[in-house]
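Notes follow once the structure below has been shown.
Protein chains get the first letters and strands the later ones, always in sequence-line order, with residue 1 at the start of each. Everything numeric here is computed off the predicted structure, so don't read it as measured data.
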Amino acid sequence: MPELPEVEVTRLSLADRIAGARIESVRLGKPLRWPLGVVAEALVGRTVRGVRRRGKYLLMDLDDGLLLLHLGMSGSLNFAASQPPAGAHDHFDLLTDRGILRLNDPRRFGAVVYAPGEDSAQAAKLLGRLGVEPLTDAFDPAAFHAGLKRRHAPVKQVLLAGDLVVGVGNIYASEALFLAGIRPTLRASRISRPRAEKLRSAVRDVLARAVAKGGSTLRDFSSADGQAGYFQLEAMVYDRAGLPCRVCGAAVKSIRQGQRATYFCPNCQKS
DNA sequence: AAAAGCCCCTGGATGC
DNA sequence: TGCATCCAGGGGCTTT
């Protein structure tokens, strides 16, 4: 589920409502990617200052420290005045004086990490390897092209890796490459400057439009106020294997790259 | 340094 | 109906 648009939509649906909330208690379900353990007690009494996003991480600024949330493959947040009894996949509740923030994550690839201060080694390690934010001016054509030049892997996998540019997951990588007319298997280093600029624009365009549509709800994503996303209805190639390309009518192809499905139009993306 | 695999986990869809 | 197999929006870690 959650690529940059879904995480950003979650943030937008949550930030204003939770800002200023005082944490009263924490409920833990099964362990997520890393067990939060007794550290949960350190959260009690803290106040939430705001919510930022870095790549696919949500960063909750506290009056003392930082709480990192990652939705993994199947996670979603819900923030409401009250919550039903915790279900089998509700693994983290933050009970505050403004409502309860609940993380539901069936596959448990998500994570909650508490960074007590600026010096949290774990947080620094996780955030330190992240590439540039695609929707900011820091995502500039020259640097992006130079980064691609340095990589010999297929461009789809370079986009997914997240160390050059963050936030592009499996849906939006295929979509951006379609918009740019680039074959996903093309080695990143072989992309010309003009095509790199086209790809940069495509990445920004598809991510921004997906945020505007509330993200993509493939099975169960919803924002923190329960809204589904609708961008999946506009997908040009993702999950459309065998169906006609919306531009030229050729059959969309599906291949596997690094154990993930990739979709492209063999006619619109010749190289 | 970069690339390629492996693995974490659960549930839904498909096929026999 | 039951059971096995494959696949799914991510990414950290280990091995080449």
Side-chain angles (χ1 to χ4, degrees), chain A residues 1-10 29-36 53-58 68-77 87-92 103-113 121-131 146-177 184-190 206-207 210-211 213-223 228-235 237-242 254-263:
Chain A
M1 142 184 75
E3 304 182 30
L4 182 149
E6 291 74 30
V7 177
E8 180 64 9
V9 164
T10 298
K30 288 188 185 177
L32 294 162
R33 180 150 195 164
W34 300 288
L36 193 59
R53 180 190 54 74
R54 178 76 178 93
K56 298 172 189 170
Y57 286 91
L58 281 174
L68 279 71
L69 300 169
H70 197 290
L71 302 179
M73 200 81 133
S74 58
S76 61
L77 288 174
H89 304 307
D90 297 323
H91 300 303
F92 179 78
L103 173 62
N104 179 276
D105 184 4
R107 293 179 72 181
R108 291 191 282 129
F109 289 169
V112 180
V113 172
Q122 190 177 19
K125 193 171 182 184
L126 295 175
L127 300 177
R129 66 178 115 227
L130 297 183
L148 291 173
K149 276 278 161 220
R150 246 178 278 124
R151 307 292 224 88
H152 289 192
V155 58
K156 156 88 172 342
Q157 288 171 255
V158 171
L159 289 178
L160 281 188
D163 49 359
L164 187 55
V165 57
V166 293
V168 182
N170 211 38
I171 297 175
Y172 302 110
S174 283
E175 292 298 309
L177 288 164
T185 50
L186 181 64
R187 306 272 149 182
S189 57
R190 304 192 53 171
V206 74
L207 293 178
V211 171
K213 290 285 175 181
S216 294
T217 296
L218 295 191
R219 46 174 7 111
D220 53 12
F221 169 75
S222 61
S223 61
Y230 294 94
F231 187 80
Q232 73 281 1
L233 300 176
E234 297 180 16
V237 288
Y238 184 80
D239 203 23
R240 289 180 50 81
S254 171
I255 59 173
R256 290 194 80 77
Q257 292 181 287
Q259 295 116 244
R260 318 288 303 271
T262 298
Y263 301 88

Hey, is the main chain of [Y] close enough, under 3.5 Å, to the side chain of [X] for a donor-acceptor pair?
{"X": "A/Gln122", "Y": "A/Val113", "answer": "no"}
{"X": "A/Ser174", "Y": "A/Tyr238", "answer": "no"}
{"X": "A/Glu234", "Y": "A/Phe231", "answer": "no"}
{"X": "A/His91", "Y": "A/Lys30", "answer": "yes"}
{"X": "A/Arg240", "Y": "A/Gly242", "answer": "no"}

Roughly how many Å is it from [atom1] in [X] to [atom2] in [N], rounded to a whole number?
{"X": "A/Leu103", "N": "C/dG10", "atom1": "CG", "atom2": "P", "value": "16 Å"}
{"X": "A/Gln257", "N": "C/dG10", "atom1": "CD", "atom2": "P", "value": "14 Å"}
{"X": "A/Leu159", "N": "C/dG10", "atom1": "CG", "atom2": "P", "value": "12 Å"}
{"X": "A/Leu127", "N": "C/dG12", "atom1": "CG", "atom2": "C1'", "value": "13 Å"}
{"X": "A/Leu126", "N": "C/dG10", "atom1": "CG", "atom2": "P", "value": "16 Å"}
{"X": "A/Leu164", "N": "B/dA1", "atom1": "CG", "atom2": "P", "value": "16 Å"}
{"X": "A/Leu148", "N": "B/dA2", "atom1": "CG", "atom2": "P", "value": "13 Å"}
{"X": "A/Asp163", "N": "B/dA1", "atom1": "CG", "atom2": "P", "value": "12 Å"}

Mind checking [X] for me? I need base, sugar-phosphate or nothing, with any heavy atom below 4.0 Å counting as a touch.
{"X": "A/Ala161", "value": "nothing"}
{"X": "A/Tyr57", "value": "sugar-phosphate"}
{"X": "A/Leu160", "value": "nothing"}

Is [X] near enough to [N] that one of its side-chain N or O atoms lies under 4.0 angstrom from OP1 or OP2?
{"X": "A/His70", "N": "C/dG11", "answer": "yes"}
{"X": "A/Lys125", "N": "C/dG12", "answer": "no"}
{"X": "A/Arg256", "N": "C/dA8", "answer": "yes"}
{"X": "A/Arg260", "N": "C/dA8", "answer": "no"}

[X] side-chain proximity, nearest of [options]:
{"X": "A/Tyr263", "options": "B/dA4, C/dA8, B/dA3", "answer": "C/dA8"}
{"X": "A/Gln259", "options": "B/dC6, C/dG10, B/dA3", "answer": "B/dC6"}
{"X": "A/Ala153", "options": "C/dG12, B/dA3, C/dG10", "answer": "B/dA3"}

Sequence-aligned protein contact record of nucleotides 8-15 of chain B, with B where the base is within under 4.0 Å of a protein heavy atom and S where only the sugar-phosphate is:
BBBSS---
Would a 4.5 Å heavy-atom cut-off, applied to side chains only, mark A/Leu207 and A/Val168 as touching?
yes
Do A/Arg150 and A/Ser189 have side-chain heavy atoms sitting under 4.5 Å apart?
no
Supply the atom-to-atom distance A/Leu32 CG to A/Arg107 CZ, rounded to the nearest 0.5 angstrom.
13.5 Å
Any stem touching DNA chain C, meaning at least three consecutive Watson-Crick or G-U pairs under 3.5 Å, ordered by first number, would be B:2-8 with C:10-16, B:10-16 with C:2-8
Parallel, tilted or perpendicular: ring planes of A/His70 versus A/Tyr57, cut at 30 and 60 degrees
perpendicular
Result for 5'-nearest mapping on DNA chain C, choosing between A/Tyr238 and A/Leu130, is A/Tyr238
So among A/Arg151, A/Arg260, A/Gln257, which one has a side chain to side chain contact (heavy atoms under 4.5 Å, CB included) with A/Gln157?
A/Gln257
